[in-house]
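This structure is a prediction, so every number in the text was calculated from the model and none was measured. Chain letters run A, B, ... following the sequence lines, proteins first and then strands; every chain starts at 1.
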Amino acid sequence: MATVVALPLPALPSGWSADKDFKVVGKVTQDHATQRTIEPVGPHFLAHARRARHKRTFSEDDR
Amino acid sequence: MSEKKAAPAPGDRVVIGLTFGNSNSSIAHTVDDKAEVIANEDGDRQIPTILSYVEGEEYYGQQAKNFLVRNPQNTVAYFRDFLGKDFKSIDPTHNHASAHPQEASGTVSFTIKDKEGEEADPSTLPVSEISARYLRRLVGSASDYLGKKVTSAVITIPTNFAEKQKAALVAAAGEADLEVLQLISEPVAAVLAYDARPEGEISDKIVVVADLGGTRSDVSVVASRGGMYTILATAHDYEFAGFALDKILMDHFAKEFLKKHGGKDPRDNARSLAKLKQESEATKKALSLGNNASFSVESLSEGVDFASTINRLRYETIARTVFEGFNRLVESVVKKAGLDVLDVDEVILSGGTSHTPRIAANLGYIFPKTTTILAPSTTPTAINPSELQTRGAALQASLIQEYEADDIDQSTHAAVTTVPHVNNAIGVVSLSESGEEVFIPIVQPETAVPARRTVHVAAPKDGGDVLVKIVEGNTHIKVTKPEPKANGDSKAAKVEDAADSDEDSDFSDDEEEEEEEKREKVWKIGSTLAEAAIRGVKKGGKVEVTINVNADLTVVVTTREIGAKGGVRGTISA
Ligand SMILES: Nc1ncnc2c1ncn2[C@@H]1O[C@H](COP(=O)(O)OP(=O)(O)OP(=O)(O)O)[C@@H](O)[C@H]1O
Ligand SMILES: [Mg+2]
């Protein structure tokens, strides 16, 4: 279930290089997040709760 | 949870969804994962939350409501909000025309004659007992309909129900021999009812739920993210609700009656007033469907019959202040959530009063055209607003009926439900037609983590090596004011930030200003988190970008050319 975007990505600037073609520049810090309460309702919450309680990731859950 | 009897084993449960309002209640169950609302033995799906005793015989629902005219002192109505409350803190406004609440043995109680015989003593019953008796009738109806004894329910509650109120409701249900599987929020039940439709697509959206009932209006802003719901803000109002619309029609017809017949004001006599109220409510409901409605009461005052009609336009004119109240309430809660009307994708109209076409139309004026207003008069496929909550509750009941009570408790515990939500969006940078950098959101703001989202983005037309730049993003509202038309061609438009612009949106029928300012939501690119390269993408190729935000805010990026081997994976530690 992926969204499709028509606007193209830019071309790679010449001279760009990184180990394994991936470069970390910043991070999402705690002050970029707020603790809130998800409503314990619906099938997607149940999947979330199941992952949380069994400490499973999305991909482990997919299998 | 229930102290009286052992709860049924999960495999033995028969479950329903139940809404228990101050005005109406309803019951629903699921058939093949679809919610169906159950009609009681009177054929009602909206069952008035009223209990009445005549000669020791107990009546509930519409039959009890009919007794408000002839037997008000032994009829108990509008009591749900008194459960679990101190007498000092209740508002008895709506109980004037039926049994009055009083303080007895430290709780809100009603004194009514519930036993047969002239000389039988009246009983003073706490609101918990009234609730239990009423709930027992609902469960009885559901059991009759299903042909099996209903054992358990998911019940909806307002978002501002306190712990004591919740406990009192669970206890009253227990008295009625009903296991409460879970109490869920009314607005969330409404969102779930929509999302569970076969055609319902799970997407990331901001939803406003306007629950307009009989004695109260409750509005919530819900961030719906991949089928998970977070309430961002709520507002409650006890002034603008269905009863206020009844009152307007009551005053209207009382005045008409006096003009025509003179004599005593029907509002000064309890029985006349009850008749006036009953028929005004019926007229109000008829006006939701037709352009004209009749009003007719036998022996309205001093034995004089009265019949009249009213058209919708007249009604909408005299009820305008109430309708404006609904709009203000909705606007206030959007603001409280720190959002703009442009951020709202959907408005779900819930509750009986939401059948009113003018209310849906007025809300349409405060939101942009891109906002879907889900009401019967605006969207043909809208779900009956009176049934949304009970449908959502039934769906939830069927989802959890197999769970042990302990599992349900654990899953709904704060350790599982309270999680970080990202403040900013996370996405990639694309190029607009004019070659400018634009933000493409992948994970929306207010998404609970852990979260995973995937997009497919076009590569440059000719393919080649592609830059996947992962950035944070945020929105702001751009306001474009048209220049005064004085100098003819006025292409130069003034742009200013809307942060503190006053948004007194006018939903009235007054003539609109010729030149309206243009407000739009635009994404701003924030700080860069990471960069990745996808090399040698073929002409016309597409790139898949998946973002996983873990519970500790670590971001894992996976990206590859669709249909090609390999790809890049990287981790941005928090
Ligand atoms: N078709 C209709 N058109 C207009 N109003 C309606 C319609 N149907 C029901 N109502 C009104 O809706 C109100 C009841 O709303 P609802 O059934 O959502 O009750 P509730 O949640 O129990 O109310 P509350 O707890 O606020 O008292 C009443 O004022 C009723 O007159
Ligand atoms: Mg309600």
Please look at [X] and chain A and tell me whether the side chain, the backbone, both or neither of the residue comes under 4.5 angstrom of a heavy atom of that chain.
{"X": "Ile442(B)", "answer": "neither"}
{"X": "Glu531(B)", "answer": "both"}
{"X": "Val438(B)", "answer": "side chain"}
{"X": "Val416(B)", "answer": "both"}
{"X": "Thr546(B)", "answer": "neither"}
{"X": "Val568(B)", "answer": "side chain"}
{"X": "Val455(B)", "answer": "both"}
{"X": "Leu431(B)", "answer": "both"}

For chain A, which of [options] has the most heavy-atom pairs under 4.5 Å?
{"options": "Ala189(B), Gly227(B), Ala415(B), Ala459(B)", "value": "Gly227(B)"}
{"options": "Leu399(B), Val422(B), Thr412(B)", "value": "Leu399(B)"}
{"options": "Ala414(B), Gly226(B), Ser432(B)", "value": "Gly226(B)"}
{"options": "Val543(B), Ile470(B), Asp465(B)", "value": "Asp465(B)"}
{"options": "Ala448(B), Pro450(B), Gly464(B)", "value": "Pro450(B)"}
{"options": "Gln410(B), Lys542(B), Arg535(B), Glu433(B)", "value": "Arg535(B)"}

Can Gln35(A) and Thr418(B) be counted as having a side-chain donor-acceptor contact under 3.5 angstrom?
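There is no such pair between these side chains.
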His421(B) side chain to Thr230(B) side chain, donor-acceptor N/O pair below 3.5 angstrom
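Yes, a side-chain donor-acceptor pair sits under 3.5 Å.
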Okay, side chain of [X], backbone of [Y]: is any donor-acceptor separation there less than 3.5 Å?
{"X": "Asn550(B)", "Y": "Asp552(B)", "result": "no"}
{"X": "Arg453(B)", "Y": "Val443(B)", "result": "no"}
{"X": "Thr559(B)", "Y": "Glu544(B)", "result": "yes"}
{"X": "Arg225(B)", "Y": "Pro445(B)", "result": "yes"}

Would you give the length of the straight line joining atom CD1 of Ile572(B) to atom CG of Asn548(B), rounded to the nearest 0.5 angstrom?
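Interatomic distance, Ile572(B) CD1 to Asn548(B) CG, rounded to 0.5 Å: 11.0 Å.
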For Asn424(B) and Glu472(B): C-alpha separation, side-chain torsions, deciding distance, then whether side chain to side chain donor-acceptor pair (under 3.5 Å) applies.
CA-CA 6 Å; Asn424(B) 298 316; Glu472(B) 286 187 287; 3.2 Å; yes
Check whether [X] gets within reach of chain B through its side chain, its backbone, both or neither, counting any heavy atom under 4.5 Å.
{"X": "Thr29(A)", "answer": "backbone"}
{"X": "Ala11(A)", "answer": "both"}
{"X": "Arg53(A)", "answer": "side chain"}
{"X": "Leu9(A)", "answer": "both"}

Please evaluate residues Glu39(A) and Ser185(B) with respect to the criterion side chain to side chain donor-acceptor pair (under 3.5 Å), reporting the C-alpha separation (whole Å), side-chain torsions for both, the decisive distance (0.1 Å), and the verdict.
CA-CA 8 Å; Glu39(A) 295 291 310; Ser185(B) 289; 3.2 Å; yes
What residue, out of Pro8(A), Ser17(A), Gly26(A), has the most heavy-atom pairs lying under 4.5 Å from chain B?
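Answer, by heavy-atom pair count under 4.5 Å with chain B: Pro8(A).
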Counting heavy-atom pairs closer than 4.5 Å to chain B, which one of Ala49(A), Pro13(A), Gly42(A), Ala18(A) comes out on top?
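Looking at each option in turn, the highest pair count goes to Gly42(A).
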Ionic contact status for [Y] with [X], cut-off 4.0 Å:
{"X": "Lys538(B)", "Y": "Glu561(B)", "result": "yes"}
{"X": "Arg36(A)", "Y": "Glu446(B)", "result": "yes"}
{"X": "Asp195(B)", "Y": "Lys205(B)", "result": "yes"}

